[in-house]
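Step one of this worksheet: look at the structure below.
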Amino acid sequence: MLPDGAIEANHLWKRFRGDRRRRVLRDELERIVDRMRGRGGRGWKWALQDIDFAIEPGEAVGLFGVNGSGKSTLLKILTRVMYPYAGNVSVGGRVGALIEIKAGIHPDLTGRENIYLYGSLLGLPRKHVADRFDNIVAFAELEDAIDRQVKFYSSGMNMRLGFAVAAYLEPDVLLVDEVLAVGDASFQQKCLDRMREVIADGTTLVFVSHDLAAVEAICSRGIWLAGGEVQFDGPIRESLSGYRRSIEEHSESLTRRDGVVRLVKVEVAGDDDGRIRTEGPFSVRMVMEAAEAGPATLYLGVSEGPGTPIFSLARSTFFASGETEIRCAIETLPLPRGRFFLWVGVFGAKGHDLLQWHPAEHFDVIGPELDPAPRGVVRLAPVHVTADWEIEGR
Amino acid sequence: MSVANQTVAGPPAELRFHRRIGIRTSMRELWGARELIRTLAERDIRARYKQATLGIAWSVITPIILMVVFSVFFHGVVKVKIPQGVPYPLFTYVGLLPWTFFSGCVAQGGMSLVTNNNLMNKVYCPREVFPLAACAVAAFDTTISTVILGVLFVIFTFAPKITTLWVPVIMIVQLMFTLGVTLIISSTLVYLRDLRQALPLVLQMGLFATPVVYPSTILPANLQWLYALLNPLAPIITSYRNVVLLGLPPQWGLLGLGAITSSVVFFGGYIMFKRLETGFADVA
């Protein structure tokens, strides 16, 4: 038996039907023929391949990866809702899961009845739920609606109820899958705070989200899944930066339509020795070729992760037909150590694409690591600010 | 980054997952989930009547209407032969109780894994709680209907016989058969959705294959044993009638045959359910 809150996955494999054959009699017969010819494996797709990890009690683990990388399947196996094809998984203690926003909540019952229902699903005695009832309702901000049928709730209310129940019934392992998306900003912060409290109380957390900033704020360890395999398992910043890089490289590799303007060349430079340093100079040199002359706005941006730039620069200009050289210099680059991506786009007067907004180049910055934010606090962008501290006893 | 394709070799055979769950572990799990069964049943009962104006009265209305219809049609029009001295409405009502319980369990319990699939895919619990909760709902309805039976006794000034004390024994056989069939249907239905369409039809036919509106004696005596083996509800209902209405002992021999089928269905059904359980989340 594992201690409460520990999770152990040994060589997990899971497959699903990936073919388009439906379950009518003719298709079933076809499958039987396949099996007799020794091709029974046809039409299956591996959703998880040889997933292997162990999570200690009280750890906060972020699970991320692109759509279809197996995150939800893995969570379902961890809740023991689904069984693996091979390998095994053991989870110590009670598992509280918030997997699909509405799941577990019965639309015809009132909020109150749903709280009790979910409690008994978690295997809690009624009294235990009753003791925490007021906390749950207060957290979900549903005081006025608690005796209303859940089907008349808004999707935000639904999610708040679900999260409050899962987080306040004190499971040993809390699994949270992409739920912050529906809440408003203040509730999202509240959820993050609650997750932090829950971890501080010693609950194990597995947090799945595409909101990488939130994952970074909560978790200390990151597991990056790609194509059903563990791509990286380690400290959160390292695994996230690997993941961000792969997304960026993926979007860099997408074939982009050349517009009216074509990017011929792009170069980035830093100091005299060519290195790019925190708070040092940074310059971009581009050569563009325009098919026809016209006014345009040129945009440059720098991002760390998927798409959202840390900062962006814009400049209105007039392209003559033929090649144009553009130079842009930044005196002090406010970026910490890490790999960043340079985005470029050119848009016409009416806002139409002349050159699609896309990552054109990446570069590495040398310098200090970024100071961490308090746990549970989402930092919007990694900007380096030089600061002098003086701390004296009085 | 696409989902892995089938060119991947797959795991070595010795890693294949085989769930080992003994009868004792499953029993312990089920016992741990007893409160969940209660909550689920309560939920279904509450949810069912939440927007119905007549509310809980429906549990009473359904069997009474059936009884009246059967009485008018089978007694008044067709004139089914029943034992002397028993009012036809009582005769049919006593048969109707186990039948409605059975069909309620199988219809609702059979669908329970599909209708509850959002709960089932969320948190682990022994899966049989869903069909069992549906059976608990049916049991609740049957209890209310039984109270009506008491009222009928007063109306017809007919007292149940002392042999009514045998009822619990018959009930064991009845429960085993009903739960077993429910487990089998519910686990199969997850994989074979055709059953969803077929189920109401089969249950309707079942009503006529079971001695509810007629006495089981309309079958030749030398075929009674086969009838009892194939449809244990027949000796169950006849035994209920014997002990409650006629003051006779249960049909021991035939009930015994019915008990054989019932045990096979019950234990086989439970094992089958636990076997199929591992794949529910993949298809539901």
Dump the intermediate steps for side chain to side chain contact (heavy atoms under 4.5 Å, CB included) on B:L15 and A:W13, then the final yes or no. CA-CA 9 Å; B:L15 274 180; A:W13 291 76; 4.2 Å; yes
Measure across B:A281 and A:M82 and return the closest heavy-atom pair with its distance rounded to 0.1 Å. O-CE, 3.6 Å
Of all residues at least two apart in sequence or in a different chain, which pass the side chain to side chain donor-acceptor pair (under 3.5 Å) check with B:T210? B:N231
My understanding is that only residues two or more places apart in sequence, or in another chain, count here; which of them pass side chain to side chain donor-acceptor pair (under 3.5 Å) with A:N88? A:N10
Please step through side chain to side chain contact (heavy atoms under 4.5 Å, CB included) for the pair A:Y116 and B:R43, ending with a clear verdict. CA-CA 10 Å; A:Y116 282 102; B:R43 173 199 79 171; over 6 Å; no
Are the side chains of B:F17 and A:Y85 in touch, meaning some heavy atoms are under 4.5 Å apart? no
Atom pair CZ (B:F280) and OH (A:Y83), whose distance is rounded to the nearest 0.5 Å: 9.5 Å
Select all residues of residues 32-42 of chain B having any heavy atom within less than 4.5 Å of some heavy atom of chain A, and report them by number, or 'none'. B:E35, B:L36, B:R38, B:T39, B:L40, B:E42
More than 12 heavy atoms of other residues, nucleotides or ligands under 6.0 Å from CZ of A:R126: yes or no? yes
So for atom CD, which belongs to B:E277, do other residues, nucleotides or ligands contribute more than 12 heavy atoms lying within a distance under 6.0 Å? yes
Going by the side-chain hydrogen bond (donor to acceptor under 3.5 Å, both in side chains) test, which pairs reach into residues 127-141 of chain B, not counting sequence neighbours? B:R48-B:D141, B:S59-B:D141, B:E128-B:Y270, B:E128-B:K274
